[in-house]
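Every chain is numbered from 1, with letters handed out A, B, ... down the list of sequences. None of the values given here were measured: they were computed from a predicted structure.
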Number of protein chains: 2
Amino acid sequence: MCAPHKFDDALQSSGSTDIWSLEPERSSCRLLLAAQQLVELVTPFFYFTTSDFTVYVIDVGGRKFSAQNARVNEANCMQTPCENDVVFDGLNFQDLMVRQGTIDSPPKTPFILGFECAGDVEQVGENVKNLKIGDRVAALSEYKAWAELVLVPAKYVFAIPSDMKYEDAAAIIMNYIVAYILLFELGNLTAGKSVLFHSAGGGVGHALVQLSQTVPDVKIFGVASKSKHEALQDKGITHLLERGSDYVSEVRKIAPEGIDIVLDCLCGEECNRGYSLLKPMGKYVLYGSANVVTGETKSIFSAAKSWWQVDKVSPSKLFDENKSIAGFNLRHLLFQQNQVEYVSGILDKVFDLWTKKKITPVIDSKWALEDVSEAMQKMHDRKNIGKLILDPSAEPKPKPATPLKSKGKSIDKEDKEKDKKKEEESGSNSAGATNGSHSPQGGTQAS
Amino acid sequence: MCAPHKFDDALQSSGSTDIWSLEPERSSCRLLLAAQQLVELVTPFFYFTTSDFTVYVIDVGGRKFSAQNARVNEANCMQTPCENDVVFDGLNFQDLMVRQGTIDSPPKTPFILGFECAGDVEQVGENVKNLKIGDRVAALSEYKAWAELVLVPAKYVFAIPSDMKYEDAAAIIMNYIVAYILLFELGNLTAGKSVLFHSAGGGVGHALVQLSQTVPDVKIFGVASKSKHEALQDKGITHLLERGSDYVSEVRKIAPEGIDIVLDCLCGEECNRGYSLLKPMGKYVLYGSANVVTGETKSIFSAAKSWWQVDKVSPSKLFDENKSIAGFNLRHLLFQQNQVEYVSGILDKVFDLWTKKKITPVIDSKWALEDVSEAMQKMHDRKNIGKLILDPSAEPKPKPATPLKSKGKSIDKEDKEKDKKKEEESGSNSAGATNGSHSPQGGTQAS
């Protein structure tokens, strides 16, 4: 949907063959609107600013590259060897962390969010051999994926099966890579074992359930918000546990011998709980820290507190107890540790399972880029069953013609009351705010 | 070779069906001599005493059982449901730790050492269904295996392939179970990966090399004493490194990207070194603490120091670095954590590999029970290439008719000078000492 762009010859001739620059010839596009929408979500560490949007061209490895800066309203498409005309983007919990400032090594603001997308290849760099224009692909991008045109180094771009829908590719790529590595590369899941995980109703949760079911006799302990239990009833989770309840006691009753594999995306106190539930030869894997986003307090200290609550473990304790602990961080693996070849091998296995109809991504809802704030709110509130997808071609939801009574609703429910009070007192900040409502049913209005 | 014994009806009728007691009708046998021999090895925490040998009947799970105490010279055979007429025993580094008092939860002294043996079933308990008299078996015993007759709970006794020699069974059972679990259950070894381990010339070392070779393109980094390098040249170790050298720098030169699996049986500073060598997604496994036995200092502090040197690891660090740490302790797994069914499944796989001729145990030498001190000394001095086997039917080496000039040589080389000095001063302690020499060539005199 974006017009093709010529590569910047000047940059090419400067000696870099890795990074390509686009001529800033695009007119303002939908992403700018999405960014404005995001600004409405007030959090202490929000990266977007309301004025002078600028896009920095940054080497994906983290090293800054001296390419040009371009105003977002001139060219909001990121750039590196392989250019992707994006059809669908995936939304991850990680994006919430970025928005709240709780992710490590964030890029300089302002920048475009998003770590995955799927679509057609629109242009390829000179040295790219494995891809050609028109290829149907999915990509893992270090930020910048929530756009209509995304530039990603060719190594992070993967051909998808010919009969896979783009939205399925966007829903599969990150979630199933993560789930596969957790279960098979770190958890060593084999027949008869038990596995426990949180956020069982989310995108990774569904992937974990389906991949676990490819192994005989696996007992799945899934923790999810009570409101999701009905929808998850028939998904194959052996023991559905309630988020916020004393699930540890319940697990101990059901499986007094302990659990083989505990997967923890919450961190904080869950680390110690998760470790304590392991049976001998059990494996605990920390793969996220969602608690820093949805924890009870929303302050600069909540992230730090979440880590403080994690006990350090001595290898000698593991030796005594026959236990393992592992950490998994796909972003670091891809963009700091250069293990894309390994990840690509995992994706091959995932696509193979999809081709054999062993896995089917579950999509909660699709959203226009303009409605990203609402989509994020839904994820934050843990109301999604499956994956949230952004569709850059989708029309945004109709917005009310008049300004809302309240400024775009804060992501902090606790802050709602305060906001209301403030507004009642001043009533000045709501000017220009668009629809900030977060209907629980979400949007499936996209094509 | 031991006469069959009747079970103690009184004990049986007392309500226990798990523990059986033997009538103390055996005359003193070779094990007593072996024990006396051991006493000559002077170390600070030696468990044997020279007088009033008593054998306690203890439930293998660790719970004390109120059976009778019997003088060793009356009945030195331990007891529980399945009774093994022992043909061969294995000697492990763990036995050195027991002898030096650096193992956790040691039994009350005096007791009989040894964790593994192989032979025929001589008698079975009432409730034993899976074994019958005459079965060819190997057993994992919590201590007490270095004897001519061993009583082991039936669950720790495993049938061996019909064409497997007893000495091979004794050499395989513990070493290959450990190596298999390290590589495949914890290390997740797959094609193309690299693995590093210490003590490459020992029993577990040979098992690790052979099992690694069952996977294509595995790069094996083996650390061994320089003196063993020639013997290990053709064993399939990709990079043979020298114990005591700066092997870490050498590994970094050969594999700057790091190692996939680091197996550490030394502990102490090696923990931190091993962890530092891991590549992303790499796994470090601690499975022993041999450094507490052969460390430079031989004091009560050496064991503690070895643990102090180990850095604690936070799960969040593992999360950042995409690394895993695991501990493995077969003894705890079997006798404290009741995971014998799991271990039995591993042994099935090991025996299957043996049947397919994928693995062949390497036996360094066989020893009479009376020569156990010399065998232990050889292991302590790291002079063995492969497994040391004790053969209760073997004739001991001829001993000099006259008392030696020195008291049985201390296991501490550093102490030799002191000992010599002391002897020169007093000359009184050597009375009754038998041959304590530790010839480097070891003994292959057994049948």
Open item on the list: Exactly one of E257(A), K279(A), M281(A) should register a side chain to side chain contact (heavy atoms under 4.5 Å, CB included) with Q339(B). Which one does?
Closed with: K279(A)
Open item on the list: Nearest 0.5 angstrom please: Q337(B) CD to E321(A) CD, how far?
Closed with: 8.0 Å
Open item on the list: On a heavy-atom basis, which atom in V313(A) and which in I325(B) lie closest, and how many Å separate them?
Closed with: O-CD1, 4.5 Å
Task: Pick from R331(B), K283(B), K323(B) with the largest number of heavy-atom pairs that fall under 4.5 Å of chain A - done: K323(B)
Task: Structural part of Y275(B) lying under 4.5 Å from a heavy atom of chain A - done: neither
Task: Residue pair F319(A) / L286(B): nearest heavy atoms and the distance that separates them - done: CD1-O, 3.6 Å
Open item on the list: Is N188(B) in contact with chain A via its backbone, its side chain, both, or neither, using a 4.5 Å heavy-atom distance?
Closed with: side chain
Open item on the list: With rounding to the nearest 0.5 angstrom, report the CG to OH distance, N322(B) to Y342(A).
Closed with: 8.5 Å
Open item on the list: Distance check, rounded to the nearest 0.5 Å: L318(A) atom CG versus Y284(B) atom OH?
Closed with: 9.5 Å
Task: Closest approach of L186(A) to S324(B) (non-hydrogen atoms, all atoms of both residues) - done: CD2-OG, 3.7 Å
Task: Flag, side chain of N329(A) to backbone of D320(B), donor-acceptor distance under 3.5 Å - done: no
